[in-house]
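Working notes, beginning with the structure itself.
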Amino acid sequence: MNQTNCVTEKIPRACITETTPRVESLIRNDLLCNNSKHAQDFYIHLNSSSHCGFEKYDNGFVPIPSKFIHRNFRQLEGTDEIEELSAREILFVTAYDKKGGKCREFKIPARIKLRLLTAFLKDIRYETALVKKIIKKAVRYNYDKKLYDQNRNLRSKLVRDSMKLIRGKINQRAVKESIYRRGKFLENQIEDAYLSTLPRGKLISSTDYDSGVILRRPFTSDTDDEFIEYTPNYLLTDTGRIAERGGFQNMSRHAKQAALTGIDGVENGDLRSSQICGLYQLTEEMGIPNKILETYLDDKFAKFKWAEKVGFIDGAGGFNTGLWKKCLMSTVFLGSLSKGNKRKKKSVGSIYKFIQAEYFGNFDIIDTLFENFEAEVQPFLYVINDWYAKLPAYLDKHSRNTPYGRFFTNACGLKLNLDSEDTRKPSSVCAFILQGMEAAMIHHLVILGEEYGYRTLSHEHDGIVTIGTVPVEAIQLAKSRSGFKLAELEKKSIL
């Protein structure tokens with residue numbers, strides 16, 4: 001895969017992210033024209049980091065640790081440039097909270113974010129050979145000894161064989177049109193109006209993010225071909241999951257639907273409640289009472305019912321199943337149920353933060369929803385606590401002692417050193433097991449495509465996008481080979 005030439009060669013490594021000549025020019029020659037190059041580089045990095053900021057962080061603020069600033073922008077230390085940008089309202093900055101354990105958080109004001117997004121969209125809209133000039137995210141392969149051998153080959157044969165067979169195909173013209181239409185809609189919004197409603201904030205996030213995905217795609221084209229085929233550029237995680245750098249996997253649902261326009265025979269399949277299903281299988285093996293998990297998995301509408309019980313409502317008046325799943329899975333991996341207490345120096349827990357991010361500013365509603373969730377998740381918590389209590393016995397049963405330590409091998413064939421300091425957290429071990437199960441199931445489905453006549457376009461962690469139908473025989477064989485006997489692949493629409 002050929003890398004494109006960089007527009008600016010001396011930008012710090014941290015800044016080699018999704019940007020275009022118009023965006024860079026707007027920052028360097030207009031917004032921060034009187035500031036140092038280091039301040040401009042920092043602003044470029046912040047603009048790229050704020051993709052999905054309205055969805056991931058509280059109202060668009062992005063935390064940037066002082067260590068990161070020291071490592072990449074140390075020339076800013078000892079200057080008052082950040083404070084000067086804040087005074088000009090080109091940048092919003094929160095205070096450093098040592099007691100609360102919070103670093104400073106930064107936010108680009110909405111009026112400026114829209115200007116940057118508009119410049120971004122123009123570069124995409126009128127792109128001809130521009131893609132060759134775009135700064136692409138630096139592909140830095142991390143040849144971790146846990147994942148690669150001395151020849152830099154993936155240790156997991158399953159993952160290696162699976163990745164060779166994935167071939168992406170998208171309608172790039174339709175994706176660009178989708179992004180452009182959403183961008184034009186956002187240009188006409190009044191700043192205060194879109195900030196007051198979460199759906200509009202999410203639309204800004206998805207439009208901004210999809211722009212970045214298109215620009216850091218792992219393919220280039222001198223012509224405006226309607227359909228582009230490419231070999232995905234995947235990053236392997238230590239659990240066996242693979243994450244595509246750019247490309248189809250990272251697009252929003254709006255862009256995914258556009259990407260598949262005009263491609264015949266496309267099907268999207270997801271493993272239903274995959275990690276809850278995996279936990280049910282493991283607790284069954286260990287003889288742990290798990291009736292609540294069985295009840296949850298037997299009901300295909302369970303996520304809607306529990307979201308209704310808690311009171312998670314989205315901006316359109318429907319049930320916010322995404323928030324319910326996020327909070328439930330955080331509980332599975334021992335996410336904190338703390339509301340925080342400054343007097344007792346207790347930090348805010350992850351689950352409270354999820355709810356806070358969704359209903360920002362409505363503190364009475366946030367507290368009520370948090371208490372409702374605490375009550376409804378208790379039956380699940382009993383099973384989860386029992387599982388973690390018996391996890392050491394499970395590992396003793398399935399691990400192997402070697403002169404180099406005690407190793408556990410997950411369903412993807414990757415090994416975890418149980419004696420390592422990095423793996424002593426029970427939640428990390430649990431993630432290694434559960435994510436390995438779901439990833440192995442999808443990897444086997446990808447490989448079986450050659451035998452059963454379907455082609456994989458995208459590996460989606462716990463899902464798969466194919467041209468052609470995945471037959472029942474292939475699903476059963478993948479369940480047998482991966483050991484994920486209770487996995488259930490269900491068809492889903494992209495939207």
Side-chain angles (χ1 to χ4, degrees), residues 3-94 96 102-121 123-124 133-140 142 204-205 207-216 235 245-246 250:
Q3 295 295 308
T4 57
N5 296 324
C6 287
V7 177
T8 307
E9 295 180 358
K10 294 184 179 180
I11 291 183
R13 185 175 287 275
C15 291
I16 304 178
T17 48
E18 306 84 36
T19 191
T20 65
R22 275 188 175 88
V23 173
E24 187 177 350
S25 176
L26 179 58
I27 291 173
R28 295 191 188 280
N29 302 326
D30 184 351
L31 297 172
L32 277 72
C33 60
N34 296 321
N35 292 90
S36 69
K37 179 180 179 298
H38 310 301
Q40 295 169 356
D41 292 343
F42 176 77
Y43 206 82
I44 288 172
H45 170 75
L46 178 62
N47 180 49
S48 301
S49 299
S50 60
H51 288 318
C52 291
F54 287 88
E55 195 167 358
K56 186 175 181 181
Y57 303 112
D58 294 347
N59 210 21
F61 278 95
V62 179
I64 302 182
S66 57
K67 287 184 179 178
F68 181 88
I69 295 175
H70 176 75
R71 189 167 62 246
N72 296 283
F73 308 102
R74 66 180 62 190
Q75 295 87 349
L76 289 178
E77 295 178 341
T79 71
D80 58 357
E81 284 201 82
I82 290 179
E83 286 69 22
E84 186 262 334
L85 293 175
S86 177
R88 288 166 52 199
E89 294 190 348
I90 292 179
L91 183 67
F92 295 150
V93 187
T94 63
Y96 169 60
K102 284 188 174 182
C103 64
R104 286 199 296 177
E105 296 179 345
F106 302 84
K107 173 184 173 182
I108 295 176
R111 71 182 192 283
I112 296 177
K113 190 64 182 171
L114 277 181
R115 287 183 66 189
L116 293 167
L117 177 58
T118 302
F120 213 158
L121 294 168
D123 273 337
I124 293 173
K133 299 179 182 177
I134 290 169
I135 294 179
K136 296 189 71 176
K137 192 161 188 174
V139 178
R140 289 173 287 165
N142 178 21
I204 289 172
S205 298
T207 306
D208 194 9
Y209 189 67
D210 287 337
S211 303
V213 168
I214 284 295
L215 291 180
R216 78 170 185 265
L235 171 71
R245 292 182 173 98
N250 291 299

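Only heavy atoms go into these numbers, but all of them, side chains included; no hydrogens, no water, no symmetry mates. Nothing fancy with the numbering, it's 1 onward along the sequence.
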Check: Less than 4.0 Å between a side-chain N and a carboxylate O, is that true for Glu81 and Lys37?
Finding: no
Note to self: If I compare all heavy atoms of Pro109 with all of Ile90, which pair ends up nearest, and what's the gap?
What the structure shows: CD-O, 3.1 Å
Margin query: Tell me the closest heavy-atom pair linking Arg104 and Phe106, and the distance in Å.
Written below: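 Closest approach of Arg104 to Phe106: O-CE1, 3.8 Å.
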Item checked: Sidechain-backbone polar pair: Thr94 side chain, Glu105 backbone, donor-acceptor under 3.5 Å -> yes
Next item on the list: May I have the step-by-step check of side-chain contact (heavy atoms from CB on, under 4.5 Å) for His70 and Lys67, ending in yes or no?
Entry: CA-CA 5 Å; His70 176 75; Lys67 287 184 179 178; 5.5 Å; no
From [X] atom [atom1] to [Y] atom [atom2], the distance as rounded to the nearest 0.5 Å:
X: Asp41; Y: Gln75; atom1: CG; atom2: CD; answer: 8.5 Å
X: Ser36; Y: Phe73; atom1: OG; atom2: CZ; answer: 11.0 Å
X: Cys33; Y: Leu26; atom1: SG; atom2: CG; answer: 10.5 Å
X: Asn34; Y: Glu84; atom1: CG; atom2: CD; answer: 8.0 Å
X: Lys107; Y: Ser86; atom1: NZ; atom2: OG; answer: 12.5 Å
X: Ile82; Y: His38; atom1: CD1; atom2: NE2; answer: 12.5 Å

Next item on the list: Could you tell me whether His45 and Phe68 have their ring centroids closer than 6.0 angstrom?
Entry: yes
Margin query: Side chains of Glu24 and Asn29: any donor to acceptor distance under 3.5 Å?
Written below: no
Next item on the list: Give a yes-or-no answer on whether the side chains of Asn35 and Arg28 include a donor-acceptor pair shorter than 3.5 Å.
Entry: no
Next item on the list: Kindly determine whether Leu46 and Leu91 satisfy side-chain contact (heavy atoms from CB on, under 4.5 Å), including the steps that lead there.
Entry: CA-CA 10 Å; Leu46 178 62; Leu91 183 67; 3.1 Å; yes
Checklist line | CA sep, side-chain torsions, deciding dist, call: Ile112, Tyr43, side-chain contact (heavy atoms from CB on, under 4.5 Å) | finding: CA-CA 12 Å; Ile112 296 177; Tyr43 206 82; 3.6 Å; yes
Note to self: Apply side-chain contact (heavy atoms from CB on, under 4.5 Å) to residues Ile64 and Phe42 and explain how you reach the verdict.
What the structure shows: CA-CA 11 Å; Ile64 302 182; Phe42 176 77; 4.0 Å; yes
